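Presented below is the structure to which this report refers.
Just so you know, these numbers come straight off a predicted model, no measurement behind them.
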Amino acid sequence: MSLINDALKRAKDAQHKSPLVAAGPQLRPAEHIPAPAASRNLGMIASAIVILILLAALFLLWPSRRQPATAAPSATKNPAPANVVVETKPVVPAVAVATPTATAHPAGAPPAVAIPPSTPAPLKLQAIFFAPGRSSAIVSGKTVKPGDSVREFRVAVINPTSVTLVSTTETNVMKLEEQ
């Protein structure tokens, strides 16, 4: 330890006895020249404009991110595979037919007749992505997980080859055929 201290003392003494002098002309220290007030204001104005543009863009894009996409799936976009078997119980909708009366319509107008509601297309099982605890399936173009709703049904169980849908009155077991 004393050898290190002695070496440090000798280096310090040598430095004080012969200071290093740089060869060449003496350099002046840098001078600070203040920027004109106009250029400082211009920078602040430009920053404020950029911030306002970003806020306006955020304001315009914000509502579109909150609204869920409601695009209807196309039949040609996601055709059902040929290996899908759907077991469903038919639901017969109630149909109300209006009877023509003299007071129900103005003179000369044809009597009103209720058109029976069209039945929706049957549900189609298109794919199953099975992973214990995080399974999902594609039913009629909609990706669903257990607990999700498809029309009036709730997805109860997703198995490797079938999806069980339940409603208040019926149970649908949709199966994929093995090839």
Side-chain angles (χ1 to χ4, degrees), residues 4 7-8 11-12 14-84 86 88 91 93 112 114-168 172 174-176:
I4 294 173
L8 288 173
K12 189 175 181 181
Q15 198 175 30
H16 286 296
K17 290 181 183 173
S18 61
L20 295 175
V21 177
Q26 186 72 20
L27 298 177
R28 294 184 311 174
E31 296 178 14
H32 176 69
I33 301 174
S39 69
R40 281 185 288 189
N41 290 342
L42 183 62
M44 289 175 52
I45 291 172
S47 299
I49 290 173
V50 168
I51 290 172
L52 287 174
I53 290 172
L54 290 175
L55 287 175
L58 181 64
F59 179 75
L60 292 174
L61 295 176
W62 184 264
S64 66
R65 288 187 180 191
R66 288 188 310 200
Q67 296 174 351
T70 58
S74 171
T76 59
K77 188 176 183 183
N78 293 325
N83 62 348
V84 176
V86 178
T88 60
V91 177
I115 298 173
S118 63
T119 58
L123 293 173
K124 295 179 185 176
L125 178 60
Q126 295 172 316
I128 294 177
F129 305 102
F130 184 76
R134 53 189 178 129
S135 298
S136 62
I138 299 178
V139 177
S140 295
K142 180 180 178 186
T143 302
V144 293
K145 297 180 278 189
D148 289 351
S149 295
V150 178
R151 293 189 193 154
E152 70 274 2
F153 294 99
R154 183 182 55 82
V155 179
V157 179
I158 297 178
N159 293 319
T161 59
S162 67
V163 174
T164 304
L165 304 173
V166 296
S167 73
T168 57
N172 278 350
M174 303 171 76
K175 293 183 180 181
L176 284 176

dist Leu55:CG -> Leu60:CG (nearest 0.5 Å) comes out at 11.0 Å
Working to the nearest 0.5 Å, report the span between CZ of Arg134 and CD1 of Ile158. 13.0 Å
Qualifying residue for side chain to side chain contact (heavy atoms under 4.5 Å, CB included) with Val144, from Ile138, Val163, Val155: Val155
Please list, chain by chain and in numerical order, all residues satisfying side-chain contact (heavy atoms from CB on, under 4.5 Å) with [X], sequence neighbours excluded.
X	value
Ile49	Ile45, Ile53
Ser149	none
Phe130	Ile128, Pro132, Ser135, Pro160
Val166	Arg154, Ala156, Thr164, Thr171

Indicate yes or no: at least one non-hydrogen side-chain atom of Leu123 is less than 4.5 angstrom from one of Arg151. yes
Shortest non-hydrogen pair, Gly141 vs Gln126, comes out as N-OE1, 2.8 Å
Considering all heavy atoms, the nearest Met174-Lys124 contact: CE-C, 3.5 Å
